[in-house]
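Single-structure report; data block below.
Heavy-atom basis, side chains included; hydrogens, waters and symmetry copies ignored.
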Amino acid sequence: MAPSFESFTVLSQAVAVHVRQRNPKGTPAVLFLHGWLDHSHTFDWVLEHLPDAWRIVLLDFRGMGRSEHIPLGAHYTFPDYLLDVEAVLDDLQVTEVHLVGHSLGGIVGTAYAAVRPERVKSISLIESMGPSGGDPSQAPDRLRGFLDDSRRPPHRKRYASMEEAAARLREANSSLTEAASLHLAKHGTEPFEGGYAFRFDPRHRRRFGQFWDEGQWLALSSAVTCPVQVLHGSQGLLLDDEQARARLAALRISKPLTLSGGHHVHMEQPEAVARAIDHFIR
């Protein structure tokens with residue numbers, strides 16, 4: 001029988017971050033980082049195909065999944081996610097870790113590996129090639145958007161059923177299968193006003209006031225010293241433009257591994273993704 005998961009919280013700068021862990025005495029230690037507005041259960045089907053001997057750790061970033069929302073009047077910033085990663089690793093006394101990140105999780109993992117090279121043994125990036133910070137000339141518009149968004153009150157939309165919430169996920173990401181969207185909705189919603197609402201903090205939809213421009217992101221990517229692999233969905237992110245080629249080069253990746261699927265390719269091809277992660281880490 002496969003080892004079961006324990007569930008607990010870790011304080012990250014006074015914010016309670018939800019963590020799941022399997023086989024805490026196992027090796028190697030592998031930390032999974034989910035995508036924007038998702039949660040750790042996005043990796044459930046992949047985990048079924050990974051070795052029982054591994055120490056598997058998953059977190060929900062602050063304000064997502066079962067993690068605590070930040071206080072009223074506060075704002076989410078990208079470095080907060082790195083604080084969550086560091087807090088979990090420190091609390092669990094993990095000195096060396098392999099990172100697996102989907103979308104936002106891969107961006108966080110790349111940045112963390114750049115500034116904590118002694119701690120990160122490898123990174124597997126799933127549909128994750130960096131942020132869309134844009135040209136530096138967009139900085140005034142970005143800051144203006146941040147101020148405008150701060151005026152909008154947080155709004156949680158009610159869905160009459162779990163199936164309706166899952167359908168909303170497919171509207172936002174047409175490549176999601178019905179089974180995947182139902183799985184994400186099941187673990188990502190809670191009862192609300194006689195129906196369901198997603199658990200994530202709606203303030204995550206506000207724009208950041210500042211973010212990396214391309215030069216900064218390439219500098220971070222170039223600072224990553226551990227081995228990196230990129231797993232790409234055939235119907236997912238575009239990797240054949242100039243920006244993607246420059247980012248792959250900065251990470252010293254000659255060719256990503258392309259699998260049939262979309263942006264959540266790890267939920268469409270969980271066994272193939274698990275096999276790639278297993279082979280890479282071994």
Drop me the distance from Leu104's CG to Ser128's OG, to the nearest 0.5 angstrom.
7.5 Å

Closest non-hydrogen atom pair, Ala244 against Leu238
CB-O, 3.9 Å

How far apart are the closest heavy atoms of Thr9 and His18, and which atoms are they?
CG2-CA, 4.3 Å

If every non-hydrogen atom of Arg206 is compared with every non-hydrogen atom of Pro154, which pair is closest and at what distance?
NH2-CD, 3.8 Å

Any side-chain heavy-atom pair of Met129 and Val230 under 4.5 Å:
yes

In Å and rounded to the nearest 0.5 Å, what is the CH2 to CD1 distance from Trp217 to Ile107?
6.0 Å

Between Asp80 and Thr77, is there a donor-acceptor pair closer than 3.5 Å when you use the side chain of the first and the backbone of the second?
yes

When you check the gap from the basic side-chain N to the acidic O, do Arg156 and Glu190 get nearer than 4.0 Å?
yes

Main-chain N/O of His264 paired to Glu127 side chain as donor or acceptor, under 3.5 Å
no

Are the side chain of Asp135 and the backbone of Gln138 linked by a donor-acceptor contact shorter than 3.5 Å?
no

Within the 4.5 Å heavy-atom criterion, are Val273 and Ile126 side-chain neighbours or not?
yes

Any side-chain heavy-atom pair of Trp54 and Ile277 under 4.5 Å
yes

A side-chain contact here means heavy atoms from C-beta on lying under 4.5 Å apart; do Ile123 and Tyr112 qualify?
no

Name the one of Arg142, Arg207, Arg205 that satisfies salt bridge (charged side-chain N to carboxylate O under 4.0 Å, His left out) with Asp149?
Arg207

Would you call Ser103 and Trp36 a side-chain contact if the rule is heavy atoms closer than 4.5 Å?
no

For the atom pair CZ (Arg170) and OG1 (Thr177), what is the distance rounded to the nearest 0.5 Å?
8.5 Å

Given Arg116 and Val85, is the side chain to side chain contact (heavy atoms under 4.5 Å, CB included) satisfied, shown in steps?
CA-CA 11 Å; Arg116 290 285 191 258; Val85 171; over 6 Å; no

Can you establish whether the number of heavy atoms outside Glu118 located under 6.0 Å from its atom CD is more than 12?
yes

Using only atom types and a distance under 3.5 Å, with no angle test, would you say the side chain of Ser234 pairs donor to acceptor with the backbone of Gly261?
yes

Any idea how Phe208 and Tyr81 line up, ring-wise: parallel (<30°), tilted (30 to 60°), or perpendicular (>60°)?
tilted

Any donor and acceptor pair, going by atom type alone, linking the side chain of His183 with main-chain N or O of His41 inside 3.5 Å?
yes

Do Leu82 and Leu11 share a hydrophobic cluster, counting only Ile, Leu, Val, Met, Phe, Trp and Tyr and linking them when any side-chain heavy atoms are less than 4.5 Å apart?
no

Which atom of Phe61 lies closest to which atom of Ser67, heavy atoms considered:
O-CB, 3.5 Å

Does Asp201 reach the main-chain N or O of His69 with its side chain, forming a donor-acceptor pair under 3.5 Å?
no

From the list Phe32, Phe43, Trp45, ring-ring contact (aromatic ring centres under 6.0 Å, His included) with His266 holds only for Phe43

Once rounded to the nearest 0.5 Å, what's the spacing between atom CG of Leu99 and atom OG of Ser124?
9.0 Å

Yes or no on side chain to side chain contact (heavy atoms under 4.5 Å, CB included) for Val108 and Phe78, after CA distance, side-chain angles and deciding distance?
CA-CA 8 Å; Val108 174; Phe78 180 79; 3.8 Å; yes

Side-chain heavy-atom pair His187, Asp44 within 4.5 angstrom cut-off
yes

Side-chain heavy atoms of Met267 within contact of Leu184, under 4.5 Å
yes

Please check if Val10 and Val94 belong to a single hydrophobic cluster, counting links between Ile, Leu, Val, Met, Phe, Trp and Tyr side chain heavy atoms closer than 4.5 Å.
yes

Flag yes if more than 12 heavy atoms outside Glu164 fall under 6.0 Å of its CD atom; otherwise flag no.
yes

List the residues meeting ring pair (Phe, Tyr, Trp, His ring centres under 6.0 Å) with Phe146, not counting sequence neighbours, and say none if there are none.
His75

Tell me whether Arg275 is salt-bridged to Asp278, with the criterion being a basic N under 4.0 Å from an acidic carboxylate O.
no

Judged by atom type as modelled, is there a donor-acceptor pair below 3.5 Å linking the side chain of Arg20 to the main-chain atoms of Phe5?
no

Under 3.5 Å, side chain of Arg168 to main-chain N/O of Tyr159, donor-acceptor pair present?
no

Out of curiosity, Arg62 CZ to Ile70 CD1, how far, rounded to the nearest 0.5 Å?
7.5 Å

Minimum heavy-atom distance His39-His34, with the two atoms named
O-CB, 3.4 Å

Between Asn23 and Ala53, is there a donor-acceptor pair closer than 3.5 Å when you use the side chain of the first and the backbone of the second?
yes

I'd like to know if the side chain of His232 and the backbone of Leu237 have a donor-acceptor N/O pair within less than 3.5 Å.
yes

